[in-house]
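Before any comments, here is the structure.
Numbering of ligands and ligand atoms starts at 1, following listing order.
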Amino acid sequence: MSRKFNVAVVGATGAVGEELFRILEEQNFPVGELLPLASAKSAGSEIEFNGKRVKVEELTESVFDGRDIDIAFFSAGGSISAKYAKYAVESGAVVIDNTSHFRMDSNVPLVVPEVNPEDIAAWRETGVIANPNCSTIQMVLALKPLLNLYGDIKRVDVSTYQATSGAGKSGMEELVRQMQDFFAFKLDESEHKAFSHQIALNVIPQIDVPIDNGYTKEEMKMTNETTKIMGTNIPVSATCVRVPVLRSHSEAVTVTFANSVKVDLEQARLALNNFENVEVMDNLEQGIYPMPIIATDTDITYVGRVRKDIFQDNILHMWVVADQVRVGAATNAVRIAQKWIELEDI
Ligand code: A2P
């Protein structure tokens, strides 16, 4: 019989946790025991996995003891990972962490399996593998084939159009509730908690807290994480914007190559389309391009509106869309686990 893996999911009742179960099922991931974990308020509730109901338990310091967990997915926020990941590691599990807590730790690999699978090998140093920020994942999936094609990227300028799913279930619920309030003529009274302003019928040019350089923490995540994942210094300047979309992030990305590069659009489209889990959808005349409603519920990063800059031959613009909950979080985490199993030959 082939080897099975005991899996814990911290944040089992959250948007990413729920999607993780779905992806593990779809991928036929060899799950032995499943341990869904959440806060005390969810303990005793049940999740469904492979046709069986499994009880959610409270995350505590000792919950991993004697459970023989092989893989622990953490998706309950940075402070929870900061406090509890070590107990999972001490119990012998590899932690695949979806929060920002470990990402820039130089001993922790930060992995998009299609881009830098080789970095997984360093997992033994801390027992943790970090899942990058959702906006970074879909961007590096589109940058890597272009880096392979043209050898050098001088800089990247990106504006994101990020869905409410990035703020978890409460973010999505807030958008729905505000739309309902709009149709009931009481949007003025509608509360906002997940976002700092009304999100329905609005766009908010701030995600996460300000940094003293005029950028936000979310924007600096894209800058810092891109260089770590790509293994080469790529200056990234980001503007991260929350839009009233339920899930799937979109990004307008401008890539500047070395002065000597003359972008060839057919070559660029081919390189993008041939890259694993990336698909080009690009026919402006026929109104064909990626949109959140196309990417949602898929594991593909879609690229469209690929075009050459009107002023400079070495600049390419593109539009990149992916499901934030899947490609930007749960699917990437499961792909890390699959690669970890493959590379470690476990
Ligand atoms: P709970 O539902 O019990 O609060 P989302 O990102 O969709 O908001 O989900 C956050 C996830 O993190 C939920 O599963 C939530 O569980 C979990 N979580 C929040 N706080 C804690 C905590 N103190 N201990 C364990 N899990 C937590």
Side-chain angles (χ1 to χ4, degrees), residues 7-24 34-49 53-65 67 69 71-91 93 95-103 128 130-137 162-178 191-196 199 207-209 217-218 221 240 242 245-249 296-297 323-334:
V7 172
V9 175
V10 177
T13 52
V16 173
E18 287 180 354
E19 201 68 32
L20 260 168
F21 296 125
R22 223 166 295 156
I23 294 164
L24 291 169
L34 183 69
L35 177 59
L37 298 166
S39 75
K41 94 169 194 265
S42 305
S45 64
E46 290 181 330
I47 59 110
E48 204 170 299
F49 185 71
R53 301 201 68 78
V54 188
K55 268 210 164 41
V56 175
E57 295 186 33
E58 182 186 354
L59 174 67
T60 60
E61 293 176 4
S62 59
V63 76
F64 301 102
D65 295 352
R67 304 298 277 266
I69 297 296
I71 302 168
F73 293 102
F74 272 69
S75 201
S79 60
I80 303 294
S81 294
K83 183 162 177 205
Y84 293 97
K86 60 174 180 278
Y87 300 110
V89 171
E90 276 163 23
S91 79
V95 166
I96 299 177
D97 186 48
N98 195 44
T99 76
S100 60
H101 183 70
F102 295 102
R103 286 184 195 146
V128 179
N131 212 29
N133 166 270
C134 44
S135 297
T136 310
I137 292 177
Q162 295 183 221
T164 53
S165 55
K169 268 187 187 173
S170 60
M172 290 187 271
E173 283 162 7
E174 192 154 303
L175 172 60
V176 171
R177 200 174 44 248
Q178 288 180 358
E191 283 200 337
H192 54 83
K193 278 200 200 126
F195 305 110
S196 48
I199 185 62
I207 300 180
D208 215 330
V209 294
K217 198 168 166 197
E218 180 83 356
K221 283 177 195 167
C240 290
R242 187 75 69 193
V245 166
L246 276 180
R247 57 194 266 182
S248 292
H249 290 354
T296 292
D297 269 328
D323 185 327
Q324 179 269 330
V325 186
R326 292 180 72 104
V327 175
T331 302
N332 197 67
V334 173

For this session: Nearest 0.5 Å please: distance from the CD1 atom of Ile199 over to the NE2 atom of His192.
Result: 11.0 Å
Exercise. If you round to the nearest 0.5 Å, how far is NZ of Lys55 from CD of Glu46?
Worked result: 4.5 Å
Exercise. Do Glu174 side-chain atoms and Lys193 backbone N/O form a donor-acceptor pair below 3.5 Å?
Worked result: yes
For this session: Using modelled atom types only, decide if a donor and an acceptor are shared between the side chain of Arg242 and the backbone of Ala163 within a distance under 3.5 Å.
Result: yes
Exercise. Backbone N or O of Asn131 within a donor-acceptor pair of the Asn98 side chain at under 3.5 Å?
Worked result: no
For this session: Would you give the length of the straight line joining atom OG of Ser42 to atom CG of Leu59, rounded to the nearest 0.5 angstrom?
Result: 11.5 Å
Please tabulate, one line per pair, the protein N or O atoms found under 3.5 Å from any N or O atom of ligand 1, giving the distance to one decimal.
residue: ligand 1; atom: 2 (O); partner: Thr13; partner atom: OG1; Å: 2.6
residue: ligand 1; atom: 2 (O); partner: Ser42; partner atom: OG; Å: 3.2
residue: ligand 1; atom: 3 (O); partner: Ser39; partner atom: N; Å: 3.1
residue: ligand 1; atom: 3 (O); partner: Ser39; partner atom: OG; Å: 2.5
residue: ligand 1; atom: 3 (O); partner: Ser42; partner atom: OG; Å: 2.4
residue: ligand 1; atom: 4 (O); partner: Ser39; partner atom: OG; Å: 3.3
residue: ligand 1; atom: 4 (O); partner: Lys41; partner atom: NZ; Å: 2.9
residue: ligand 1; atom: 7 (O); partner: Ala15; partner atom: N; Å: 2.9
residue: ligand 1; atom: 7 (O); partner: Lys169; partner atom: N; Å: 2.9
residue: ligand 1; atom: 14 (O); partner: Gly11; partner atom: O; Å: 3.3
residue: ligand 1; atom: 14 (O); partner: Thr13; partner atom: N; Å: 3.2
residue: ligand 1; atom: 14 (O); partner: Thr13; partner atom: OG1; Å: 2.6
residue: ligand 1; atom: 14 (O); partner: Gly14; partner atom: N; Å: 3.0
residue: ligand 1; atom: 16 (O); partner: Thr13; partner atom: OG1; Å: 3.1
residue: ligand 1; atom: 26 (N); partner: Ser39; partner atom: N; Å: 3.2

